[in-house]
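One structure below.
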Amino acid sequence: MTIELSRRGFCIGATMVGLQTISSGAFAARSEDGTVRLGLVAPMSGPNARYGAFSMRGAQMAAKEINDAGGVGGRKISVMPGDSQGTPVEGVSATRRLIDQDQVDFIIGDVSSSVTLAMQPVVEDAGVLLLNAASSNPMITYKAGVGGFKWSFRNYPTDENRALLVLQYAAEKKGFTKYAVLSVDSDYGRAAIQFTKKYLPRFKSAIVTEDYYKEGEVDFRSVLSKIRDSGAQAIIMYGNADSSPIVGRQMMEVGIAGKIPLIGNAEFNTASTIKAAPKAMEGAIEAAAWLPAYDSPKSKAFVEKFTAEYREAPNNHAYVHWETVHLLAKAIEQAKSIDREKVRAALSGIKYDSAVGEVTFDDHNQARLPMILLEIEGGKPAIKGAYKAEIDYPK
């Protein structure tokens with residue numbers, strides 16, 4: 001089912017019933033032990049180790065599902081970890097070990113964009129396919145496919161995708177054309193606003209005030225007062241989850257709560273943020289790659305199985321790595337080989353039914369995949385659907 005919001009291709013992704021299964025066939029032999037060796041680069045230690053743990057669990061669960069169904073072409077998938085510690089230097093070292101010592105066939109990684117960017121030239125030199133599942137920096141895509149790195153693919157929306165979708169939803173569904181900016185003063189926060197500015201002309205929209213806050217800042221009253229008098233219809237905010245409740249409470253103090261909604265990405269939808277400032281969070285809009293509450297049969301089955309297996313609910317990293325292993329397995333199946341060139345070609349032309357909607361790749365090896373749009377309604381996050389929009393690549 002497709003819902004067209006405009007002629008610019010903003011459409012809802014169809015969902016799929018059931019889990020991916022992989023059939024067997026005649027495959028070219030390469031690995032001596034008869035397995036598909038899949039390297040997974042992620043922060044297994046350090047401050048971001050929790051992300052790595054969820055990534056590994058999602059990948060291992062997918063591999064087990066595929067293996068229990070007979071493997072891919074009769075081959076079992078073996079997931080081999082590489083610890084990036086969340087840093088580019090360690091990520092490169094882990095990638096080289098997986099290629100040179102473990103002789104992996106394919107690599108998935110990393111959670112951190114800076115690590116993934118450092119990995120790209122390494123896999124390019126080695127001719128090993130890198131399928132990213134969780135990094136969002138657009139430069140990874142700009143440099144891939146026709147951008148130069150033919151061995152780099154990404155099955156995850158970029159920060160540019162997110163900024164475009166939030167702006168497009170706000171313009172086409174809410175009629176907003178005037179925005180105030182209150183974003184974190186970081187590479188992430190400033191880049192999100194740059195991407196937003198890139199697409200403002202598409203929707204005949206404008207930014208009327210623009211401000212950035214430092215991490216740890218706690219007084220937003222003067223900026224919010226300026227926004228109150230600016231004529232802005234919404235506040236674009238990309239930033240820290242810790243700041244959202246503070247901003248929300250101070251929006252109530254200056255009298256704009258319930259009048260000027262927040263849009264962007266700063267965990268507006270969490271229970272603690274909504275509880276801290278329910279009136280200010282009402283109408284807040286943000287986009288997510290995936291949410292446990294997303295109502296599709298495949299997504300619900302994944303959440304139920306993961307929770308039963310690990311005794312806790314999955315997060316986004318668990319889901320995207322689980323889905324990406326299934327995606328890679330389908331590409332191997334279609335290639336009827338684990339030959340890297342053949343799998344790369346299969347991935348370029350694949351049509352894969354994810355839990356959120358159909359996934360295909362563009363000529364920059366970037367997945368065209370839906371993002372989930374949320375809006376806070378009646379004090380609760382309401383999922384408005386899974387949407388796509390085409391970005392404009394730099395010339």
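Predicted, not measured: the structure shown is a model, and the values here were computed from it. Because only heavy atoms are used, hydrogens play no part in the values below, and waters and symmetry mates are left out as well, while side chains stay in.
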How long is the straight-line distance from [atom2] of [Y] back to [atom1] of [X], given to the nearest 0.5 Å?
X: Asp362; Y: Ile391; atom1: CG; atom2: CD1; result: 7.0 Å
X: Leu224; Y: Ile235; atom1: CG; atom2: CD1; result: 5.5 Å
X: Ser244; Y: Phe268; atom1: OG; atom2: CZ; result: 5.0 Å
X: Thr196; Y: Ile207; atom1: OG1; atom2: CD1; result: 6.5 Å
X: Ile140; Y: Gln120; atom1: CD1; atom2: CD; result: 6.0 Å
X: Lys150; Y: Glu124; atom1: NZ; atom2: CD; result: 7.0 Å

Legend entry - Test log, rule side-chain contact (heavy atoms from CB on, under 4.5 Å), inputs Val325 and Ile66: CA-CA 9 Å; Val325 172; Ile66 294 163; 4.0 Å; yes
Please tell me if the side chains of [X] and [Y] come closer than 4.5 Å, counting only heavy atoms from C-beta onward.
X: Glu375; Y: Tyr169; answer: yes
X: Thr35; Y: Ile77; answer: no
X: Trp151; Y: Val128; answer: no
X: Ile193; Y: Ile236; answer: yes
X: Val343; Y: Leu328; answer: yes
X: Thr141; Y: Asn365; answer: no

Can a donor-acceptor pair be found, under 3.5 Å and without considering hydrogens, that links the side chain of [X] to the backbone of [Y]?
X: Glu217; Y: Lys214; value: yes
X: Ser93; Y: Val89; value: yes
X: Thr324; Y: Ala133; value: no
X: Asp83; Y: Ser45; value: yes
X: Asp125; Y: Gly127; value: no
X: Asn132; Y: Gly109; value: yes
X: Gln85; Y: Ala49; value: no
X: Asn67; Y: Gly70; value: no
X: Asp339; Y: Glu341; value: yes
X: Ser243; Y: Gly239; value: no

Can you see which heavy atom on [X] is nearest to which on [Y], and at what distance?
X: Gln233; Y: Thr177; result: OE1-N, 2.7 Å
X: Ala355; Y: Ser296; result: O-OG, 2.8 Å
X: Ala386; Y: Tyr294; result: CB-OH, 3.5 Å
X: Ala277; Y: Arg249; result: CB-N, 3.6 Å
X: Gly189; Y: Ser183; result: O-OG, 3.2 Å
X: Ser225; Y: Val254; result: OG-CG1, 3.7 Å

Salt-bridge contact [X]-[Y] (side-chain N to carboxylate O under 4.0 Å):
X: Asp185; Y: Arg190; result: yes
X: Glu286; Y: Arg162; result: no
X: Glu377; Y: Lys384; result: yes

Legend entry - Test applied, side-chain hydrogen bond (donor to acceptor under 3.5 Å, both in side chains); reference residue, Arg57; option that passes from His321, Glu309, Glu312: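 Going through the options one by one, the only one that passes is Glu312.
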Legend entry - Glu160: which of Lys198, Gln366, Gln194 passes side-chain hydrogen bond (donor to acceptor under 3.5 Å, both in side chains): Lys198
If only side-chain N and O atoms count, and only distance matters, is there a donor-acceptor pair under 3.5 Å linking [Y] with [X]?
X: Tyr213; Y: Glu215; value: no
X: Arg37; Y: Ser78; value: no
X: Glu65; Y: His326; value: yes
X: Trp290; Y: Glu323; value: no
X: Tyr188; Y: Asn240; value: no
X: Gln168; Y: Tyr387; value: no
X: Asp110; Y: Thr116; value: no

Inset, instruction - Assign the ring pair Phe306 / Phe302 to parallel, tilted or perpendicular, where the plane angle (0 to 90°) is split at 30° and 60°. - result: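 Ring orientation of Phe306 relative to Phe302: tilted.
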Legend entry - Test side-chain contact (heavy atoms from CB on, under 4.5 Å) applied to Ile107 and Leu129, Val122, Leu38, Thr95, the passing residue: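 Testing Ile107 for a side-chain contact (heavy atoms from CB on, under 4.5 Å) against Leu129, Val122, Leu38, Thr95 leaves exactly one candidate, Thr95.
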Legend entry - Chi angles and distances behind the salt bridge (charged side-chain N to carboxylate O under 4.0 Å, His left out) call for Lys298, Glu304: CA-CA 10 Å; Lys298 189 176 182 183; Glu304 182 178 346; over 6 Å; no
Inset, instruction - For the pair Lys64 and Asp68, evaluate salt bridge (charged side-chain N to carboxylate O under 4.0 Å, His left out) and give the outcome as yes or no after the intermediate values. - result: CA-CA 6 Å; Lys64 185 176 186 303; Asp68 288 348; 2.9 Å; yes
Legend entry - Check: Tyr142 ring centroid to His364 ring centroid under 6.0 Å: no
Inset, instruction - Determine, using ring centers only, whether Tyr199 and Phe203 are less than 6.0 Å apart. - result: no
Legend entry - Cationic tip of Arg154 above Tyr156 ring, under 6.0 Å, 45° of axis: no
Inset, instruction - Kindly confirm or rule out a cation-pi arrangement of Arg340 over Phe106, judged by NZ or CZ under 6.0 Å from the six-membered ring centre and within 45° of its axis? - result: no
Legend entry - Trace of the side-chain hydrogen bond (donor to acceptor under 3.5 Å, both in side chains) decision for Thr273 with Thr270: CA-CA 5 Å; Thr273 300; Thr270 62; 2.8 Å; yes
Legend entry - salt bridge (charged side-chain N to carboxylate O under 4.0 Å, His left out) evaluation trace for Arg368 with Glu358: CA-CA 8 Å; Arg368 300 184 187 94; Glu358 184 181 76; over 6 Å; no
